[in-house]
Amino acid sequence: MEKKVRVRFAPSPTGGLHLGGVRTVLYNYLFAKQHGGTFILRIEDTDQTRYVAGAEEYIQDCLKWCDLQPDESPLHGGEHGPYRQSERKETYRQYAEQLVKQGQAYYAFDTPAELDEMRAKFKTEENPSPQYNYVIRQQMRNSLTLTADEVKSLLSEGTPHVVRVKMPDNDMVSFTDMIRGEVSFNSSLTDDKVLLKADGMPTYHLAVVVDDYLMKITHAFRGEEWLPSAPVHILLWKYLGWSDDMPQWAHLPLIMKPDGHGKLSKRDGDRLGFPVFAMNWTDPRTNEITKGFRELGFLPEAFVNMLAVLGWNDGTEQEIFSIEELIERFSLEKVHKSGAKFDFEKAKWFNHEWIKKAPVSSYKLQVERLFEANGIIIEDESKFERVLELVKDRCTLLTDFVHQASFFFKAPRTLDLASVKPKWNEDKAMFFDILSEKFTVLEEWNTADIEAIFKQTAAEKNIKIGELQLPFRIMLVGEKFGPAVFDIAALIGKEETINRIRFALTQF
RNA sequence: GGAGCGUUGGUCAAGGGGUUAAGACACCUCCCUUUCACGGAGGAAUCACGGGUUCGAUUCCCGUACGCUCUACCA
């Protein structure tokens, strides 16, 4: 019988949630939903020195915004908790001890200074980063080189020590990656990774294996940067006797900087002027705010869609996918092997498409808040929706609505006179004078009637419509942009239209 | 230095032994609109290089180059 699919996203709460992290969440989520499985959020907070207040809540909030919520997490609970590794501290030691007993791991008493010394001593041009490996360990202070009595007394004295895995000196470790296929490594090339730190906390290497086992994870997705340490994890699964339960691995391609090379980092976003984090992140130490996609005006649907196709596509020409479609179509086999450079222009295109596609009601509230922040209070909700509907084609970001729609609620204070004045004359002034009078007595106020009167009057005065539309636009909008002028007039109302014409006439 | 992984236009990418090598973003030209967009029509790639295998390779194999990741008591 097939095991029930259980996947996990296991971030370290050290700061803002990176784009790549969200994509890993997404792939986990899609895979879980597609297989009727369970998506788990596990917090990997084993490094106390890197603890950042608020980072965990922030991650949960990001998942909530993206609507990629876990089924089990520190917040949602579940039967395999706790879901914070710091709260599982006691469970790891026994496994480390088991490995020591079995001879597959050992105690090491080397101090950080001694490790530095070792690296300095063995460092050569050929070997710039000497490893604590099967050769070097013979010259260090550990339970392999010390006598049993020495080890016993060091331990009983409470000497700080770590537990390191004893990597075989010549073993081929291979496994099948769901994205890359067969991958193999020689065990001698990997160092004796620390499993349990001197403070009693496990390192990632031990924790990921123990927790994936205990939490019955069936498929483990993570970034490609983990590939080189995969043999350690594979060996640990074997040594602990859990080989049959080992999850299937999938190492995801990295998201790269748009210029140059390398992994995309927060710094690149700052440098190139685009967000890297899902939502605004405030560093609790410096109070420095890093802009997020949400605050910049992205729709979560667009953000998720954009991330989904950054490294994956279903083989068709389709690019816009709803979450339901993604759940249906997603497949690991079609995930790319190589990294993709992040393109903010394309990301904005996705958002534009989603703004056009999504019902205005789904983002109305957010835009309303943006308006409030700009001093415009919306009183007529139905008018507001009609306005958004009318201008959404020209909004790439939610924040664009402020510029594209403010004039519907607030008369422009300054008019683009330069676009009108050169061609302005008495006849045109007279036209608008007559027009506003005709408007005054107009009973029906709608686009068709406004346009009809406008054209009729123009014909009477023998002026070309085109010559009149631009000034009219400047009167109503203040600048050269926006939807059809007659639609604007219809929406802002008769009185307001006339007021704006009268005011503009004093300026032209 | 070593190991692993990768390499189709500026970017995302489809395809995969015989094709005019899709599509999208960005860019340029034009049409539409006497606003700004939307929309529409066009423009640009011998698939990193060198060897094989083959009647034939961008597609398979091997090298080379280049890139990335890792090489911490960080994840």
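Throughout, protein chains are lettered first and strands after them, A, B, ... in sequence-line order, and every chain is numbered starting at 1.
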What is the nucleic acid contact for A:Glu467, judged by heavy atoms within less than 4.0 Å: base, sugar-phosphate only, or nothing?
-> base

Between A:Glu44 and A:Arg42, is there a side-chain N and carboxylate O pair less than 4.0 Å apart?
-> yes

Determine the contact category for A:Val309: base if any of its heavy atoms lies under 4.0 Å from a base atom, sugar-phosphate if only primed atoms, P, OP1 or OP2 are that close, otherwise nothing.
-> sugar-phosphate

Looking for any heavy atom pair under 4.0 Å, which part of the strands does A:Lys464 touch: base, sugar-phosphate only, or nothing?
-> base

Validation row: A:Glu353, A:Phe350 side chains within 4.5 angstrom (heavy atoms) = no

Does A:Asp259 come within less than 4.0 Å of A:Arg271, counting only side-chain N to carboxylate O?
-> yes

Are any of A:Asn313's side-chain N or O atoms less than 4.0 Å away from OP1 or OP2 of B:A13?
-> no

Reckon A:Pro160 touches a base, only the sugar-phosphate, or nothing at all at heavy-atom distances under 4.0 Å?
-> nothing

Reckon A:Asp110 touches a base, only the sugar-phosphate, or nothing at all at heavy-atom distances under 4.0 Å?
-> base

For B:C38, decide between syn and anti, treating a glycosidic angle within 90° of 0 as syn.
-> syn

Of the nucleotides B:U35, B:C73, B:U71, which one has an atom closest to the side chain of A:Phe481?
-> B:U35

Interatomic distance, A:Met201 CE vs B:A72 C1' [rounded to whole Å] | 18 Å

Give a yes/no answer on whether the side chain of A:Arg50 brings an N or O atom under 4.0 Å of OP1 or OP2 in B:C73.
-> no

Between A:Ala484 and A:Met256, who's closer to the 5' end of RNA chain B by nearest nucleotide?
-> A:Ala484

Listed once per pair and sorted, the salt bridge (Lys or Arg N to Asp or Glu O under 4.0 Å) pairs that draw on residues 392-417 of chain A, sequence neighbours left out | A:Glu389-A:Lys392

Under a 4.0 Å heavy-atom cut-off, which of residues 330-339 of chain A touch RNA chain B?
-> A:Lys334, A:His336, A:Lys337, A:Ser338

N or O in side chain of A:Lys263 less than 4.0 angstrom from B:C70 OP1/OP2 = yes

Using a 4.0 Å heavy-atom cut-off across all strands, classify A:Gly262 as base, sugar-phosphate, or nothing.
-> sugar-phosphate

Using a 4.0 Å heavy-atom cut-off across all strands, classify A:Gly223 as base, sugar-phosphate, or nothing.
-> nothing

Report, one line per pair, each donor and acceptor closer than 3.5 Å where one atom sits in a side chain of residues 115-126 of chain A; sequence neighbours left out.
{"from": "A:Thr124", "atom 1": "OG1", "to": "A:Glu126", "atom 2": "N", "distance (Å)": "3.3"}
{"from": "A:Thr124", "atom 1": "OG1", "to": "A:Asn127", "atom 2": "N", "distance (Å)": "2.9"}

Going by the side chain to side chain donor-acceptor pair (under 3.5 Å) test, which pairs reach into residues 47-56 of chain A, not counting sequence neighbours?
-> A:Asp47-A:Thr49, A:Glu56-A:Arg84

Residue of the set A:Phe185, A:Tyr204, A:Tyr213, A:Phe175 for which ring pair (Phe, Tyr, Trp, His ring centres under 6.0 Å) holds with A:His233 = A:Tyr204

Contact list for RNA chain B against residues 161-193 of chain A - heavy-atom distance below 4.0 Å | A:Val162, A:Arg164, A:Arg180, A:Val183, A:Ser184, A:Phe185, A:Leu189, A:Lys193

Please name all residues satisfying salt bridge (Lys or Arg N to Asp or Glu O under 4.0 Å) with A:Glu479, sequence neighbours left out, ordered by chain then number.
-> none

Mind listing the closest non-hydrogen atom pair of A:Pro247 and A:Ala220 along with its distance?
-> CB-N, 3.9 Å

Residues that A:Asp110 engages under side-chain hydrogen bond (donor to acceptor under 3.5 Å, both in side chains), provided they are two or more places apart = A:Tyr132

Check: B:C38 base within 3.5 Å donor-acceptor of A:Arg394 side chain | no

Closest nucleotide of RNA chain B for A:His352 versus for A:Pro258: which of these residues is on the 5' side?
-> A:Pro258

Where at least one partner belongs to residues 13-24 of chain A, residue pairs that pass side chain to side chain donor-acceptor pair (under 3.5 Å), sequence neighbours excluded = none

Measure from the side-chain heavy atoms of A:Asn127 and tell me the nearest of B:C73, B:C25, B:G1.
-> B:G1

For A:Thr14, which contact category applies under a 4.0 Å heavy-atom criterion: base, sugar-phosphate, or nothing?
-> nothing

A:Asp393 side-chain proximity, nearest of B:C25, B:C73, B:C38 = B:C38

Would you indicate what A:Gln131 reaches in the nucleic acid, counting non-hydrogen atoms under 4.0 angstrom: base, sugar-phosphate, or nothing?
-> sugar-phosphate

Sorted by first residue and then second, give each salt bridge (Lys or Arg N to Asp or Glu O under 4.0 Å) pair with at least one member in residues 177-196 of chain A; sequence neighbours left out.
-> A:Arg137-A:Asp192, A:Arg180-A:Glu224, A:Asp191-A:Lys193

Identified stems (criterion: three or more consecutive Watson-Crick or G-U pairs, under 3.5 Å), RNA chain B | B:1-7 with B:65-71, B:10-12 with B:23-25, B:27-31 with B:39-43, B:48-52 with B:60-64

Centroid-centroid under 6.0 Å between A:Phe221 and A:Phe9 rings = no

Can you tell me which residue pairs pass the side chain to side chain donor-acceptor pair (under 3.5 Å) test with a partner in residues 462-474 of chain A, sequence neighbours excluded?
-> A:Lys428-A:Glu467

Could you go over nucleotides 21-24 of chain B and give all protein N or O partners under 3.5 Å, atom names and distances?
{"from": "B:A24", "atom 1": "O4'", "to": "A:Glu319", "atom 2": "OE1", "distance (Å)": "3.0"}
{"from": "B:A24", "atom 1": "O2'", "to": "A:Glu319", "atom 2": "OE1", "distance (Å)": "2.6"}
{"from": "B:A24", "atom 1": "O2'", "to": "A:Lys346", "atom 2": "NZ", "distance (Å)": "2.8"}
{"from": "B:A24", "atom 1": "N3", "to": "A:Lys346", "atom 2": "NZ", "distance (Å)": "3.1"}

Candidate nucleotides B:C68, B:A13, B:C73, ranked by approach to the side chain of A:Ala340 - the nearest = B:A13

Distance under 6.0 Å and angle within 45° of ring axis: A:Lys357 vs A:Trp354 = yes

